[in-house]
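In what follows, chains carry the letters A, B, and so on, assigned in the order in which the sequence lines appear, proteins first and then strands, with residues in each chain numbered from 1.
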Protein chains: 2
Amino acid sequence: MDSSNTRLPAHRRQRILSELDSKGAVRVEELGRLFSVSEMTVRRDLDALEAEGLLERTHGGALPLRHVHRERVFREKDHEQREAKESIALLAASLIPEGETVLVNSGSTTRLVIRHLARRPDLRIITNNMAAVAELPETVAAEVLLIGGRYRPESGCAVGEWALRLLEDLAPARAILGADGISLKAGLSSPVPEEAALTRRMIEIVNSVDVVADSAKVGRVCPFRIGPLESVSRIISDSDTWAPEFREAGVTVVVPEELALSPSPQNPGGMPGSF
Amino acid sequence: MDSSNTRLPAHRRQRILSELDSKGAVRVEELGRLFSVSEMTVRRDLDALEAEGLLERTHGGALPLRHVHRERVFREKDHEQREAKESIALLAASLIPEGETVLVNSGSTTRLVIRHLARRPDLRIITNNMAAVAELPETVAAEVLLIGGRYRPESGCAVGEWALRLLEDLAPARAILGADGISLKAGLSSPVPEEAALTRRMIEIVNSVDVVADSAKVGRVCPFRIGPLESVSRIISDSDTWAPEFREAGVTVVVPEELALSPSPQNPGGMPGSF
DNA sequence: CATATTTTGTTCGTTTTTGTTCTTTTTATC
DNA sequence: GATAAAAAGAACAAAAACGAACAAAATATG
């Protein structure tokens with residue numbers, strides 16, 4: 001894979017950065033093995049990158065600089081179910097047809113979704129998820145529209161009256177939404193009233209709703225109701241042991257294995273180079 | 001393969017560029033072998049292409065410009081004049097009276113200003129500077145309102161028609177603004193037309209404008225004009241060797257030393273724990 | 001054809017990068 | 001706290017890449 005180009009020191013450092021971006025953390029030993037260089041060289045690379053303000057050095061490796069402040073929160077939400085969320089996000093993004101405008105709400109799963117969507121030059125992303133947008137590389141291909149409003153530092157997104165009003169001007173075709181609670185009877189729910197209100201409004205203005213959620217969220221009910229299950233077109237998750245009842249209720253449930261077994265009709269071999 | 005045409009220097013250089021485009025990086029030794037020319041020749045080619053602004057030279061080879069671009073921007077803006085910017089930001093924030101609503105635009109200096117302002121529970125911050133807001137800790141004390149719009153990844157802020165329209169609903173008392181160019185004759189200017197337009201509108205809707213800028217920006221004129229110097233109430237900077245002419249023109253110039261010598265009347269021992 | 005110009009190759013001293021060895025510091029574990 | 005393991009840092013040597021200068025070759029120009 002890293003045939004000849006990686007021998008270029010500058011290129012290796014760039015790849016360290018992108019490795020950091022995708023993995024969330026890098027280790028010296030791991031990078032040395034990946035690039036076939038000594039650990040001393042990796043250390044010198046990391047030191048140089050830190051001096052340039054591009055990462056945060058730690059014992060044994062490095063962390064991205066962007067989230068040093070919210071490290072604790074990110075760590076919990078981020079590492080919990082990280083792999084599940086990553087595969088869900090990749091799948092959800094691949095299900096979006098070419099040229100669409102997609103509305104995306106706040107949350108750590110949708111953050112990963114945005115990361116994938118942003119690489120596609122054919123898409124337009126509308127979101128209140130500032131944390132997700134702020135961490136995107138300069139090389140964003142998609143057009144990104146930000147919904148303003150009151151900033152909620154706990155989730156890194158915009159909420160409130162202002163955000164709700166802004167949604168009135170929009171009528172995108174589809175939405176990819178995260179929800180902390182998904183239940184047959186209670187539908188979608190959130191622990192934060194303002195985010196529930198905003199997500200509810202998002203559902204109202206689009207034609208098609210994809211919900212992304214790891215299986216831990218299924219069956220959970222949070223205090224603030226977003227809306228009933230009928231408004232959901234598809235649920236994209238990492239397992240479908242719970243799916244039969246949902247499918248009976250008329251919701252399509254998609255899991256990564258399905259994609260691997262049979263090519264998705266929505267995306268017949270589409271955009272292979274984009275991911 | 002590269003039989004006849006490659007013998008022409010111009011063609012070889014074009015092929016170097018396409019090689020760079022497909023591979024993501026090129027090495028001197030590799031190109032020398034590919035074109036059967038000496039490494040010295042390749043080096044001269046790469047130097048020429050760099051002089052034309054078509055690639056970025058590195059040790060052992062070259063990288064495409066776009067990859068390096070984001071790093072360069074971030075690194076330079078962040079580290080250049082870092083100390084100066086930090087002291088300017090602290091001073092600018094301390095000059096804001098209690099209970100105000102402050103409008104802040106994009107930029108690396110204003111990012112530091114926002115960091116300071118955010119610790120004060122008495123303030124309300126309105127900004128399009130997503131990069132600044134996204135890096136705030138969870139413990140933000142101030143209320144933060146985000147101006148939405150089209151996201152510009154190069155500067156991590158929102159711009160465009162939508163952002164301009166949002167400003168129409170607002171009438172905050174004051175603004176703290178960054179500008180890449182400040183000149184006696186040309187006034188404030190920016191290298192990005194959309195950011196210039198947004199900053200211009202911000203100036204129009206407030207009563208009082210504080211401009212934060214390190215001294216390197218004074219005397220510089222960027223291609224896109226924001227507005228005349230008359231619209232500026234104060235310039236907060238790290239040195240005032242250039243200040244006399246500006247003071248004659250009716251602009252107050254504030255530098256950190258002044259704060260150290262005589263306590264600011266606007267902030268009589270106020271909020272000592274906040275900084 | 002002769003001459004000027006450009007392009008290329010070679011040599012050699014200098015700088016950058018890398019790996020190794022050894023010591024010091026940090027981290028984990030009891 | 002004490003101890004062992006892992007990682008980091010310092011210092012040195014080897015290798016790779018660079019740049020300057022000059023000579024040779026190719027190309028253009030009269």
Distance, nearest 0.5 Å, that separates CZ of A/R15 from CG of A/L17: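 So the CZ of A/R15 and the CG of A/L17 are separated by 12.0 Å.
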- request: Taking B/D240 for its side chain and B/A243 for its backbone only, find out whether a donor-acceptor pair lies under 3.5 Å.
  value: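 No, because the side chain of B/D240 does not come within donor-acceptor range (under 3.5 Å) of the backbone of B/A243.
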field: Under 3.5 Å: donor-acceptor pair, side chain of A/E50, backbone of A/R57
entry: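 Yes, the answer is positive, given that a donor and an acceptor are paired below the 3.5 Å cut-off.
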message: OP1 or OP2 of C/dT8 versus the side-chain N and O atoms of B/T41: is any pair under 4.0 Å?
response: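 It does not, given that no N or O in the side chain of B/T41 lies less than 4.0 Å from OP1 or OP2 of C/dT8.
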query: Under 4.0 Å: is that the gap between some side-chain N or O of B/R57 and OP1 or OP2 of D/dC18?
result: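 Looking at the OP1 and OP2 atoms of D/dC18, one of them is under 4.0 Å from a side-chain N or O of B/R57.
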Between [X] ([atom1]) and [N] ([atom2]), how many Å, whole number?
X	N	atom1	atom2	result
A/R12	C/dT16	CZ	P	16 Å
B/E39	C/dT10	CD	P	11 Å
B/E29	D/dA15	CD	C1'	14 Å
B/E50	D/dG19	CD	C1'	14 Å
A/L8	D/dA16	CG	P	15 Å
A/R44	D/dA11	CZ	C1'	11 Å
B/H59	C/dT15	NE2	C1'	7 Å
A/F35	C/dT18	CZ	C1'	16 Å

Note: [X]-[Y] ion pair, threshold 4.0 Å (strictly below):
X	Y	answer
A/R44	A/D47	no
B/E194	B/R150	yes
A/R7	B/E30	no

message: Please report the end-to-end axis angle for the helix from C/dC1-D/dG30 to C/dC30-D/dG1, five pairs per end, rounded to 10 degrees.
response: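 So the angle between the two local helix axes works out to 40°.
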- prompt: Taking the nucleotide of DNA chain C with the closest heavy atom to each, which residue, A/S38 or B/D45, is nearer the 5' end?
  reply: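 Result of the comparison: B/D45.
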task: Describe the nucleic acid contact of B/G61 in one word from base, sugar-phosphate, nothing, applying a heavy-atom distance below 4.0 Å.
output: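 Answer is sugar-phosphate: B/G61 comes under 4.0 Å of backbone atoms only.
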- request: Select from B/M40 and A/D47 the residue whose nearest nucleotide in DNA chain D is closer to the 5' end of that strand.
  value: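 Taking each residue's closest nucleotide, the earlier one in sequence belongs to A/D47.
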Nucleotide nearest B/P9 when distance is taken to its side chain, options C/dT8, D/dA17, C/dT26: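 For B/P9, the side-chain atoms sit closest to C/dT8.
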message: Side chain of B/R43, heavy atoms from C-beta onward: which of C/dT27, D/dG19, C/dG9 has the nearest atom to it?
response: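 Among the listed nucleotides, the one closest to the side chain of B/R43 is D/dG19.
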- request: Flag yes if more than 12 heavy atoms outside B/Q14 fall under 6.0 Å of its CD atom; otherwise flag no.
  value: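 Not more than 12 within 6.0 Å, no.
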